[in-house]
Amino acid sequence: MPEGHEQLTDDEQHLARLGYTQELQRSWSGFSNFAISFSIISILAGCFTSFGLGWNNGGPAAIAWGWPIIAAFVLIIGLCLAELVSAYPTSGGIYWWAAKLGGAKAGFYTGWLNLIGLVAILATVSYGCATFLDLTLGTFSESWLAGYSLTRTFGLFVVILAVSAIINIFSSHLLAVINNVSVWWHVAGAATVILILVFVPPQHATFSEVFTQTINNSGLFGGEKGWGFLLFVLPISAILTQYTITGYDASAHLSEETKSAANAAAKGIWQSIFYSAIGGWILLLSFLFAVQDAEGVSKGGGAVAVIFAQAMSPKWVAIVLLISTAGQFFCTTACQTSASRMLFAFSRDRAVPGHQLWSKVNAGKVPAYGVIVTAAVAALITLPALVPVEINGAPVPVAFFAVVSIGVVGLYLCFAVPIYYRWRAGDSFEQGQWNLGNKYKWMAPVAIIEILVTSVIAMFPTSLGGVPWDPSFAWKFVNYTPLLVGSVLLLLFIYWHVSVKHWFTGPIKQVDTTTTAQLPG
């Protein structure tokens, strides 16, 4: 060991072999790594806020059967990513793997899709938190401003983003504590909600009503349930699961801050998916069995708050809403962490305009400017939520569902790229401590096909008013996912050919091979 050099840990040696120095503070345990992905998945967020997607586009049966089926496919995707993070535990995560296996161009597009997806997820979770905070305050206090206000909700949304950003900037240790608490809050909170919905409502729906009843509130195909419903409406209900069980790539983005990352981050990914899938299904079934009047839920836009109001007194409703709101805030802080770390890693490799600023860390080793800009962009892309929208006489957050779809498309398409290149690499891929053995040969293609199918579904219009050729068409009804994602990809295409391809070479090594060769181990 040369004089003046400190002995590197196994994690630091692994990171050095990948070309990076240890800049971020490696203080997260394996449990904390699992906790952040579990918090971002957040069944107290996704199951509550996007329930209407399942209810309006398929009904109880679509939710009861769709959740476990889609969750099984998501777990396969997660297992493929877990193998990759074990081999390459870097903050760049998905982008880094794509660049390593598929070249600079693959890495560039993957990184931007990942960034778009993470910022969209941050936006949806924080907006959902604002919505439920508004509902909670209205339940607890009769003096709270009467009636639902889009402007007030948006104001709460901005405040929540700001508070989350402040927490992220000023304490990495506090974040780890928050995420650890978040796990138990999600477990105990979800269990409490389930028990309340089992024992408090005066009656419950039958198994037939939960597992066989279908609903088409989209307005498409005249509300009928024929082939059009099966092919174009029912598939949209899959986004409830696909959106809720996402963001688990946070385990990869926090790998440079996790001890024994090659093993811990891999487990963080698949275990967060597995436990969320089980807990989420039980939670959703408790919602469905608590329904007292299905038609009344439809008139309320398929919102879970309507189910609670039907089944319980305001006191119990307030408790359930409070549990969910707190869980969603925990999720928001975790999403903010993941998005800022991805921006930090991508900027470290100079792939983002203004990279000098976004890759800078403060005295606490936190990319503070990255935190601020991700929060600002999240607020910007959610501005259409200020436009009031009603479908079939019920208020429906079309803009919120559009940003949900943007998150799903961005994140899952970026997942598909490194999975494909790892599959193509075959046995030449150098597996890490945690790996799939030969199972990648069937898991990878299954994962890729599922991602492509659900990404197309996420771009479907969610109401008749969003169909361009229908007389009721209006821009406020439009699922603007294909417009935003398509526009960004077009700009990236131009940016790549005009400029980026001439200077971008993928991940930039901070430690050269000569230095790495001298490292112990």
Side-chain angles (χ1 to χ4, degrees), residues 24-25 28 32-42 45-46 78 81-82 84-85 89-97 110-126 128-129 160-161 164-165 167-169 171-172 174-176 178-180 182-183 186 243-258 261 264-266 268-269 272-273 276 328-348 352 358-359 361 365-378 403 406-408 410-412 414-415:
L24 300 171
Q25 185 174 347
W28 291 54
S32 295
N33 185 281
F34 156 80
I36 192 169
S37 284
F38 189 76
S39 296
I40 291 179
I41 291 174
S42 183
L81 296 181
L84 284 160
V85 75
T90 72
S91 289
I94 319 300
Y95 141 72
W96 201 97
W97 310 336
T110 301
W112 275 101
L113 284 169
N114 196 194
L115 199 52
I116 291 167
L118 288 171
V119 172
I121 295 297
L122 170 62
T124 56
V125 173
S126 48
C129 182
I160 288 167
L161 275 176
S164 172
I167 292 172
N168 268 270
I169 289 171
S171 180
S172 178
L174 177 60
L175 272 177
I178 287 175
N179 286 312
N180 289 348
S182 176
V183 171
H186 278 80
Y243 162 68
T244 301
I245 311 180
T246 196
Y248 43 82
D249 55 318
S251 288
H253 298 309
L254 273 293
S255 60
E256 287 187 35
E257 296 166 70
T258 303
I269 289 178
S272 62
I273 296 170
S276 296
Q328 291 179 50
F329 181 73
F330 288 141
C331 180
T332 299
T333 59
C335 288
Q336 179 68 84
T337 307
S338 184
S340 62
R341 295 315 190 270
M342 168 55 200
L343 178 60
F344 161 79
F346 207 30
S347 298
R348 179 174 60 183
V352 183
W358 320 134
S359 61
V361 295
K365 296 190 175 182
V366 173
Y369 293 114
V371 171
I372 294 169
V373 74
T374 49
V377 175
V403 182
I406 291 167
V408 168
L411 282 185
Y412 277 96
C414 84
F415 292 170

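- At distances below 3.5 Å, not a single donor-acceptor pair connects side-chain atoms of S340 with backbone N or O atoms of V371.
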List the steps, then state whether side-chain contact (heavy atoms from CB on, under 4.5 Å) holds for I169 with I372. CA-CA 9 Å; I169 289 171; I372 294 169; 3.9 Å; yes
Starting from the C-alpha separation in whole Å, work towards a yes-or-no answer on side-chain contact (heavy atoms from CB on, under 4.5 Å) for V366 and V361. CA-CA 5 Å; V366 173; V361 295; over 6 Å; no
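- Between I406 and A120, the closest heavy-atom pair is CG2-CB, 3.7 Å.
- Residues passing the side chain to side chain contact (heavy atoms under 4.5 Å, CB included) test with A334, sequence neighbours excluded: I36, S39, I40, N179.
- Closest heavy-atom contact between A35 and V183: CB-CG2, 3.2 Å.
- Looking at Y243 and T124, their side chains do bring a donor and an acceptor atom within 3.5 Å of each other.
- The side chain to side chain contact (heavy atoms under 4.5 Å, CB included) test applied to I178 returns I167, L174, F330, T333, not counting sequence neighbours.
- In this structure, T110 and W97 have side chains that are not in contact, with every pair of non-hydrogen atoms separated by 4.5 Å or more.
- Closest approach of W358 to S347, counting heavy atoms only: CB-OG, 3.3 Å.
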Output, in order, the C-alpha distance, side-chain angles, deciding distance and verdict of side-chain hydrogen bond (donor to acceptor under 3.5 Å, both in side chains) for T374 and Q336. CA-CA 7 Å; T374 49; Q336 179 68 84; 2.6 Å; yes
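- T246 meets the side chain to side chain contact (heavy atoms under 4.5 Å, CB included) test with I121, L411, Y412; sequence neighbours excluded.
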